[in-house]
Amino acid sequence: MKRPFRIAVTGAAGSISNSLLFRLAAGEVFGPDQPLILQLIERPEAMEALRGMAMELEDCAFPLLHNVRLHDNIQDGFSNVHFAFLVGAKPRGPGMERADLLSANAEIFSAQGRALNDYANPDVKVLVVGNPANTNALIASRNAPDLSPSQFTAMSRLDHNRAKGMIANRFGCNASDIRKVAIWGNHSATQYPDLHHATAMGEPVWPELDPKWVDEEYIPRVQKRGAEIIAARGQSSAASAAQGAIDHMRDWYFGTPDDDFVSMCVVSDGSYGVTKGIVFSFPVRCRYGRHEIVQGLPIDEAARKRIETTEKELIDEKAGVEHLLPAETEAAHLNLRTTLRSGASRYGEEDTLDDSEASVLRTDRVL
Ligand code: NAD
Ligand code: LMR
């Protein structure tokens, strides 16, 4: 039998996790033969709700779920993890912009970056979902001097899926018939959902589209979909966000198809002229657990302007959190190497956690 992966999820008693955890445990991310240990992290005041979540996980009798550990601190929660879903953060409410969350959530991610650096598996792969996701990922990465910046990503897969779904509706086909949609930039209302390279059932979509519809309906609809959902539901997207997180990690781990690409927010290496060292959504391909920005896509003048708009927003966000970005990690973020460390998974120290500590609550079933 395969050795279990340790998966950390922060905000594990929240709305997104309520979908994410059960699908993780069912094998939808790492496959039907990969055992898992879930290390679930919450704020101390949410531990009782988290205990309820753990009981439900147990009651599903998932064959792949070896153990569920409940943590009210990130040091134990991140211990030896191979993958981390950083979901825990305050969501925005009606009328708020994601940027309003910057000061509320930024500090969480500097502490989490440090703890991942010190306690996680050296090969850990990190997905930041909590908003503002790009800049939170940058803060976490900059606070992890011993990890590679390429181990930190943020989620634009929900936007990517939204963009695919809307164009599939337009063409009257299935979302799986749409390929090569790209999200550029920030996971915010400045993002640029780009259809220039997209195909529907193998045919380019661009010649079939009315530019007025693209500019005035399609792009704003994708950009503002999060707000549209908040207005309709009274709370932010949850099940679709969990789907985005599942798709992101699965493709990072298993790889993307040769005839398609996905969107991921990664530390910019200067590709397409985007400022180095910000976390920016690019079209990427993944292979062997590595992500690589797709190169050579033609960018016209209008697209370039949109990319610059969202880039500027991220530069401004970065300036607002400069006090949380240690100088010692700047060079590594400006001079990215293309190779991602891999194969360094540490298994030997799995049981170093002291379960007698009051901060580590466990459910009953331990294999
Ligand atoms: P929620 O309020 O339902 O749950 C968040 C949970 O995080 C809560 O249980 C809370 O106790 C916990 N939490 C807060 N701070 C924490 C910390 N420091 N450590 C551990 N846990 C902590 O919110 P939600 O709907 O699950 O959304 C979570 C985040 O994801 C929000 O920031 C939201 O804006 C963001 N989001 C991002 C995307 C995306 O596409 N990137 C999509 C949807 C939502
Ligand atoms: C979304 O895109 O649905 C999330 O980022 C939630 C939000 O605040 O828009």
Side-chain angles (χ1 to χ4, degrees), residues 9-25 28 40-57 60 85-109 112 127-137 154-169 175 183 185-191 193 216-249 263 265 281 310 313 317:
V9 181
T10 68
S15 308
I16 295 175
S17 294
N18 192 34
S19 293
L20 174 63
L21 296 181
F22 294 87
R23 299 183 57 195
L24 253 174
E28 289 191 41
L40 307 183
I41 305 170
E42 258 297 346
R43 295 176 302 140
E45 52 272 42
M47 291 309 283
E48 200 46 31
L50 184 59
R51 199 192 288 275
M53 194 77 104
M55 288 183 216
E56 284 213 71
L57 280 166
C60 292
F85 292 82
L86 307 189
V87 182
K90 194 170 147 53
R92 67 174 170 155
M96 289 169 76
E97 278 304 320
R98 290 188 187 88
D100 297 332
L101 296 175
L102 194 56
S103 55
N105 288 334
E107 305 257 349
I108 297 176
F109 290 87
Q112 291 187 353
L127 167 62
V128 175
V129 175
N131 278 320
N134 297 56
T135 298
N136 289 339
M155 189 163 97
S156 53
R157 186 59 177 266
L158 174 55
D159 310 291
H160 182 99
N161 288 347
R162 286 168 173 165
K164 267 174 90 166
M166 286 183 207
I167 203 71
N169 283 349
I183 305 293
N186 201 359
H187 171 64
S188 79
T190 66
Q191 68 179 271
E216 293 177 17
E217 289 187 47
Y218 177 76
I219 293 177
R221 190 92 194 268
V222 178
Q223 290 173 326
K224 296 183 188 144
R225 183 61 152 198
E228 190 182 356
I229 289 170
I230 291 169
R233 266 171 43 92
Q235 52 185 315
S236 74
S237 60
S240 56
Q243 180 66 47
I246 287 166
D247 288 342
H248 178 116
M249 273 304 198
S263 302
C265 307
S281 179
T310 192
E313 185 181 45
E317 283 187 21

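Position 1 is the first residue of the sequence; numbering continues from there.
Summarising the geometry of Glu313 relative to Asn186, their closest heavy-atom pair is OE1-ND2, 3.0 Å, with the distance given to 0.1 Å. Closest approach of Ala89 and Ile108 over heavy atoms only: CA-CD1, 4.4 Å. Nearest heavy atoms, Ser240 versus Leu158: O-CD1, 3.5 Å. For the pair Gly88 and Phe109, the tightest heavy-atom approach, listed with the atom from each and the gap, is O-CZ, 3.9 Å. Contact between Met155 and Cys265 at its shortest, heavy atoms only, is C-SG, 4.1 Å.
Shown here are the side-chain contact (heavy atoms from CB on, under 4.5 Å) partners of Ala133, two or more places apart in sequence or in another chain: Val128, Asn131, Ala154. Taking the ring pair (Phe, Tyr, Trp, His ring centres under 6.0 Å) definition, one finds that Phe22 meets it with nothing, sequence neighbours left out. Residues passing the side-chain hydrogen bond (donor to acceptor under 3.5 Å, both in side chains) test with Asn105: none are found, sequence neighbours excluded. Here Ser237 pairs with nothing under the side-chain hydrogen bond (donor to acceptor under 3.5 Å, both in side chains) rule; sequence neighbours left out. When the ring pair (Phe, Tyr, Trp, His ring centres under 6.0 Å) test is applied to His248, the partners found at least two apart in sequence or on another chain are Trp252.
Residues Val129 and Leu20 fail the side-chain proximity criterion, which asks for heavy atoms closer than 4.5 Å. Here the side chains of Leu21 and Glu56 are not in contact, with every heavy-atom distance at 4.5 Å or above. At least one side-chain heavy atom of Val222 sits less than 4.5 Å from a side-chain heavy atom of Gln191. For the pair Val9 and Leu24, the minimum side-chain heavy-atom distance is below 4.5 Å.
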Please tabulate, for the side chains in residues 226-233, all donor-acceptor contacts under 3.5 angstrom to protein atoms that are two or more places apart in sequence or on a different chain.
{"unit_1": "Glu228", "atom_1": "OE1", "unit_2": "Arg221", "atom_2": "NE", "d": "3.1"}
{"unit_1": "Glu228", "atom_1": "OE1", "unit_2": "Arg225", "atom_2": "NH1", "d": "3.3"}
{"unit_1": "Glu228", "atom_1": "OE2", "unit_2": "Arg221", "atom_2": "NE", "d": "3.4"}
{"unit_1": "Glu228", "atom_1": "OE2", "unit_2": "Arg221", "atom_2": "NH2", "d": "2.9"}
{"unit_1": "Arg233", "atom_1": "NE", "unit_2": "Gln235", "atom_2": "O", "d": "3.4"}
{"unit_1": "Arg233", "atom_1": "NH2", "unit_2": "Ser236", "atom_2": "O", "d": "3.0"}

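Looking at Thr10, its side chain does come within 3.5 Å of a backbone N or O of Val87 through a donor-acceptor pair. Formation of a donor-acceptor pair under 3.5 Å by the Glu42 side chain with backbone atoms of Ala13 is found in this model. A donor-acceptor pair is defined here as one N or O able to donate and one able to accept, closer than 3.5 Å; no such pair exists between the side chain of Thr310 and the backbone of Gly185. For the pair Ser281 (side chain) and Ile183 (backbone), a donor-acceptor distance under 3.5 Å is present.
To the nearest 0.5 angstrom, Glu28 atom CD is 15.0 Å from Met249 atom CE. Note that CG of Leu50 is 10.0 Å distant from CE of Met55, once rounded to the nearest 0.5 Å. Atom CG of Asp100 is separated from atom NZ of Lys90 by 10.0 Å, given to the nearest 0.5 angstrom. The distance from atom CG of Asn161 to atom CZ of Arg157, rounded to the nearest 0.5 Å, is 5.0 Å. Between Gln112 atom CD and Ile41 atom CD1 the span is 7.0 Å, to the nearest 0.5 Å.
Just one residue in the list Asn136, Asp159, Thr135 forms a side chain to side chain donor-acceptor pair (under 3.5 Å) with His187, and that residue is Asp159.
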